[in-house]
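Accompanying notes for the structure given below.
Every value quoted in this text rests on a predicted model; they were computed, and no experiment measured them. Whatever order the structure lists them in is the order used to number ligands and atoms, beginning at 1.
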Amino acid sequence: MSVDAVLLVGGKGTRLRPLTLSAPKPMLPTAGVPFLTHMLSRIRAAGITHVVLGTSYKAEVFEEHFGDGSHLGLELEYVVEEVPLGTGGGIRNVADRLRGDTAMIFNGDILSGVDLGAVLDTHREADADVTLHLVKVEDPRRFGCVPTDGDGRVTAFLEKTDNPPTDQINAGCYVFRRSVLESIPAGREVSVERETFPGLLASGARVQGHVDASYWLDLGTPAAFVRGSADLARGIAPSAALPKPAGEAIVLDGAVLREGATVTGGATIGAGCQLGVDAKVDGAVVFDGAVIGAGAVVERSVIGAHARIGDGAVVRDAVIGDGAVVGANCELRDGVRVWPGVHLPDGGVRFSADA
Ligand code: GTP
């Protein structure tokens, strides 16, 4: 079995705005490197070297950063969709770049600890047309679920319900027999979840599930994004891009921490950042060049590149866009998003998205 990897990275990442206004979601820094670096390193560690990226939104950014992939021991190719074709359309659109008989497809925003070799083994042993990684989650009511029979064959793709019959959900990683991938209609938008998979089941194709309970997180929302970055830093989520868990903090080159400043909870401080006296950053992601004032508290939030957080400000569970300024003693909480370049004045402005 010769395997190509395909990464779907063409989405607009609307749930992560305003961070995704300047960079596509898979390129946002997590634990100090673009999220895609973690995914690519896991793919390489599984022995797959040819990787095709299906891009659309901000397509050029990927190649500018990763080039031909040789520094990662990979051969990277890029296929651009002028008009986004959806997940199924994006998979079909790279068909002519595949070299092997088997393609392993990845959603570009999933942080997962699945054993990729074991998923490929399941596919091979079942002689399946498609194999899906299905992960067991604590609360399956938030997701569509995917039951399997005693042989591990997928029996249905079910919509979200309050009473799901199984705790297995689609984990966003699939193995396709190449001929099956080529049967997806070309040149139009197709959803692999809503159209391709149900269609394959209806036509009697062998759709297999590879079920596990490994680490799994969809980084689509700000809360999940900061948690994923902290889990990577602390080694809770595995990544072959980090030689060893960094622990409580990752502080990149040129960052300056004044006396009493603390960084905890798997937080990342970007290159050239400045943390004032007694500033506290916990479980947050601070992009390059940001400034956190004296005595400010930043928890479980994302601080955009070159943003400035004023002295004594409190930022909890919030997203601050690139270059935005949060005045001294402001308090931002519970899902507040500040757009890039916005200036909030000093003097105790309080915002809570829930208020
Ligand atoms: P939201 O807008 O916040 O829902 O994010 P998204 O645009 O990334 O959509 P979603 O999370 O559903 O996408 C899952 C994965 O598929 C992500 O890695 C996307 O980059 C990717 N993706 C979504 N739509 C397309 C598309 O039309 N083409 C390609 N190539 N990839 C896509």
Can you list everything that forms a ring-ring contact (aromatic ring centres under 6.0 Å, His included) with Tyr174? Sequence neighbours excluded, please.
Phe197
Is Arg177 paired with Asp129 through a side-chain N to carboxylate O contact shorter than 4.0 Å?
yes
Please output the residues near ligand 1 using a strict heavy-atom distance under 4.0 Å, listed in chain and residue-number order.
Leu8, Val9, Gly10, Gly11, Lys12, Gly13, Thr14, Arg15, Lys25, Gly54, Glu81, Pro84, Leu85, Gly86, Thr87, Asn107, Gly108, Asp109
Name the one of Val211, Ile169, Val146 that satisfies side-chain contact (heavy atoms from CB on, under 4.5 Å) with Val135?
Ile169
Is it true that the side chains of Gln208 and Thr122 contain a donor and an acceptor less than 3.5 Å apart?
no
For Tyr78, all residues meeting ring-ring contact (aromatic ring centres under 6.0 Å, His included), sequence neighbours excluded
none
For Phe66, which residues count as a ring-ring contact (aromatic ring centres under 6.0 Å, His included) partner, sequence neighbours excluded?
none
